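Quick notes on the structure that follows.
So that the names make sense, note that chain A is the first sequence line, chain B the second, and so on, each numbered from 1. Given the structure is predicted, the values throughout are model-derived calculations rather than measurements.
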There are 2 protein chains.
Amino acid sequence: MSSSAGSPDSGGIPDIAGNGNGSGQPGTAANGRPLPEATIARLPVYLRALYSLSERGVSTVASDELSAAAGVNSAKLRKDLSHLGSYGIRGVGYDVDYLVYQVSRALGLTQRWPVVIVGGGNLGRALANYGGFVNRGFKIAAILDSDRGLIGRRIGDVAVRHVSDLEDVVAMNKVVIGVIAVPAPAAQGVCDRLVAAGVTSILNFAPLVLKVPDGVDVRKVDLSIELQILAFHARRRSAVRVERVPEDEQVPEEESV
Amino acid sequence: MSSSAGSPDSGGIPDIAGNGNGSGQPGTAANGRPLPEATIARLPVYLRALYSLSERGVSTVASDELSAAAGVNSAKLRKDLSHLGSYGIRGVGYDVDYLVYQVSRALGLTQRWPVVIVGGGNLGRALANYGGFVNRGFKIAAILDSDRGLIGRRIGDVAVRHVSDLEDVVAMNKVVIGVIAVPAPAAQGVCDRLVAAGVTSILNFAPLVLKVPDGVDVRKVDLSIELQILAFHARRRSAVRVERVPEDEQVPEEESV
DNA sequence: CGCCGTTTGTGAACGGATGCACAAAGTCCA
DNA sequence: TGGACTTTGTGCATCCGTTCACAAACGGCG
Ligand SMILES: NC(=O)c1ccc[n+]([C@@H]2O[C@H](COP(=O)([O-])OP(=O)(O)OC[C@H]3O[C@@H](n4cnc5c(N)ncnc54)[C@H](O)[C@@H]3O)[C@@H](O)[C@H]2O)c1
Ligand SMILES: NC(=O)c1ccc[n+]([C@@H]2O[C@H](COP(=O)([O-])OP(=O)(O)OC[C@H]3O[C@@H](n4cnc5c(N)ncnc54)[C@H](O)[C@@H]3O)[C@@H](O)[C@H]2O)c1
């Protein structure tokens, strides 16, 4: 059933109070369908650009400017935003603060999500100190580690606690997002405990593929994978250059001027 | 222990010398077309799974197993690998060590890429200490920082140098890959210097969109973006659950939409 | 030697994402 | 008030990536 989902316009006023989104369901586009995954991944980038504009006192921005700041095609930006509702003004652009609000709401950042970080080593410390953490809709519920030498040490404004507190921390703070920054051999075990405790979203920095049950969302960050992708393109580039340049002047020793 | 030395008796492996790839051009598939971007991004994951198998002494692996270890569909794995050439044996699977070699070669990891890290703060230190760095085809040419208090300090087995050495380091070591781990306001400036010095591939950890000329490749890693994407899905999940089960669950009623 | 079970490699159908190009909708100024 | 100008929102064609499903290829066994 369903088929053509109603007509695009029924009222006429672009609903300031409403959510531009008939279904109260979060995570759905104005047309009732879920937001495209690719759009979701770009919204945080737009949001960051918008914050930057807002801080600089810019009150209105056109899709050309905003898309340039976000590093994407302007048509793509407009289509992405159109999925949230019709929040632009033709001939003018978008109201920066209003768009910040709408994008934040679409991403579910009207609340502050408590996050638990497991692993207080080099990486865990870097993450916990990261400003973009606290300033962007999240708060650190706890940093956990198994090394008793680290317990009590303050990172940012949170003290490291022992990993045996994991279940308590998750339950008490209703944590649903966890970050794994422990060595690879310990990661799956930590993951299992997080999931058992109720965490449904995991950001994994350990270099292995985590096994999780359905309904649990895992994203990964891996420096070496990123570098390998870069290396691939770098080699292709240099090979093409060698192909083109006749053998004499390969490796350019760089101009001296 | 490793059983890698035990070469299975002769004769099994197809074309060790050849590359199964007519065009000598790196970065092209067996059919001459460039490798799909999505495939390139997965090859490092396969490679990691293969290393793990190899270390465990497994000599042969079928696409089902390998794809499970890599967390992807088995048809996808086979299609990805088929772009590199025909390196499997029907009815048997893939020779692990041989596939390690082929995937490494496809990614351009037969050489060791020198990488320069700019920013020796919390994050830069975590990255420099990361084992997956040195063990996976890369070496740290230098860690650079502007803070004179950090100069000379050893991280891993590299001493921090002043950022004014940037151009020298890049030129002397023929560095083409750079990692940016400085505060956001300094990132574009560092990026410009890297590019001017000859770096064509950049991994950016600072939370902003870098502007680079054509021909320069930028990848970014951003914790807060990853968390925001996770938050989006987390909220959708919990909203759906609330929709279904009003808080204190009652008799599960049939869904009606 | 021929058959059987296994696994690869890929043709084909599908769905999602991208980007062009333009009509509709708005502003602003004379 | 009206017309020129700007910018949004989107239809559409295209491209890329995923997945199914199966014939071809292989080893092994009786
Ligand atoms: N994705 C990336 O770009 C990237 C970069 C650097 C490091 N890493 C990975 O991140 C992880 C952490 O790196 P690091 O440099 O911080 O390592 P680290 O050794 O400095 O820190 C690891 C911490 O985890 C703690 N730990 C170990 N087992 C634990 C357990 N079961 N429960 C709780 N805590 C435990 C240790 O006590 C230690 O403090 C490693 O898996 C590393 O490979 C990833
Ligand atoms: N992507 C992520 O997940 C993530 C996580 C944490 C931090 N970060 C970002 O990474 C960057 C570094 O974070 P951090 O925690 O290490 O910060 P930090 O303050 O600990 O370290 C930054 C270092 O950069 C140095 N620096 C500043 N300007 C420089 C310049 N012009 N040239 C060379 N060095 C310079 C400083 O002296 C300092 O040592 C920041 O942009 C931060 O926002 C990203």
Side-chain angles (χ1 to χ4, degrees), chain A residues 4-9 11-15 20-21 29-31 33-43 45-46 58-68 70-96 98-99 102 229, chain B residues 8-15 20-21 29-43 45-46 58-68 70-96 98-99 102-103:
Chain A
S4 61
S7 60
D9 62 311
I13 298 174
D15 84 295
N21 182 333
N31 60 16
R33 297 287 62 190
L35 280 178
E37 203 47 45
T39 295
I40 297 165
R42 280 187 297 265
L43 289 180
V45 181
Y46 303 154
V58 179
S59 65
T60 314
V61 67
S63 64
D64 268 347
E65 283 175 82
L66 183 54
S67 66
V72 303
N73 182 289
S74 75
K76 198 188 288 187
L77 169 77
R78 289 198 300 276
K79 187 158 288 187
D80 282 340
L81 293 182
S82 77
H83 286 125
L84 310 186
S86 190
Y87 300 132
I89 303 172
R90 292 170 190 232
V92 177
Y94 300 88
D95 182 276
V96 172
Y98 183 54
L99 202 51
Q102 289 296 346
I229 295 171
Chain B
D9 60 312
S10 65
I13 299 174
D15 98 293
N21 183 335
N31 59 17
R33 298 287 65 192
L35 281 178
E37 202 47 45
T39 295
I40 297 164
R42 281 187 295 265
L43 288 180
V45 181
Y46 303 154
V58 179
S59 64
T60 314
V61 67
S63 64
D64 267 348
E65 284 175 82
L66 183 54
S67 66
V72 304
N73 182 289
S74 74
K76 197 188 288 186
L77 170 77
R78 289 197 300 276
K79 184 156 287 188
D80 283 340
L81 294 182
S82 76
H83 287 125
L84 310 186
S86 190
Y87 298 133
I89 303 172
R90 293 171 190 229
V92 177
Y94 300 88
D95 181 276
V96 173
Y98 183 55
L99 202 51
Q102 289 295 347
V103 174

Measure the NZ-OH distance between B:Lys76 and B:Tyr46 for me, rounded to the nearest 0.5 Å.
7.0 Å
Can you find a side chain N or O atom of B:Ser86 that sits less than 4.0 Å from OP1 or OP2 on C:dG9?
yes
For A:Tyr94 and A:Arg78: C-alpha separation, side-chain torsions, deciding distance, then whether side-chain contact (heavy atoms from CB on, under 4.5 Å) applies.
CA-CA 10 Å; A:Tyr94 300 88; A:Arg78 289 198 300 276; 3.8 Å; yes
5'-most contact on DNA chain C: A:Ile89 or A:Ala38, nearest heavy atom basis?
A:Ala38
Please report, rounded to the nearest Å, how far the P atom of D:dT10 is from the CG atom of A:Leu84.
12 Å
base_contact_polar (C:dT18 base, A:Lys79 side chain, donor-acceptor, <3.5 Å)
no
Interatomic distance where CG belongs to A:Leu66 and C1' belongs to D:dT7 [whole Å]:
13 Å
Taking for each residue the nucleotide of DNA chain C bearing the nearest heavy atom, is the 5' side occupied by A:Gly91 or by B:Gly93?
B:Gly93
Nearest whole Å is fine: how far is D:dA23 P from B:Arg78 CZ?
15 Å
Value for OG1 (B:Thr39) from NZ (B:Lys79), rounded to nearest 0.5 Å, stands at 9.5 Å
Please state how far atom CG in A:Asp80 lies from atom C1' in D:dG9, giving the value in whole angstrom units.
13 Å
Taking atom types as they are modelled, is there a donor-acceptor pair under 3.5 Å from the base of C:dT8 to the side chain of B:Arg90?
yes
Spacing of A:Asn73 atom CG relative to D:dT8 atom C1', expressed in whole Å
14 Å
Closest of D:dT7, C:dT8, D:dT10 to the A:Ala62 side chain is D:dT7
Whole angstrom is fine here: how far is it from CG in B:Leu77 over to P in D:dC20?
14 Å
Output the distance between atom CG (A:Leu84) and atom CG (A:Leu35), rounded to the nearest 0.5 Å.
6.0 Å
Distance check needed: C:dG26 P versus A:Tyr87 OH, whole Å only.
16 Å
Identify whether any heavy atom of A:Arg33 sits under 4.0 Å from a base atom; if not, whether one sits that close to sugar-phosphate; answer base, sugar-phosphate or nothing.
nothing
Do any side-chain nitrogens or oxygens of A:Tyr94 fall under 4.0 Å of OP1 or OP2 in D:dG9?
yes
Quick one: is C:dT7 close enough that its OP1 or OP2 comes under 4.0 Å of any side-chain N or O from B:Ser63?
no
How long is the straight-line distance from CD of A:Glu65 back to CG of A:Leu77, given to the nearest 0.5 Å?
11.5 Å
In whole angstroms, how far is the C1' atom of D:dA21 from the CG atom of B:Asp64?
14 Å
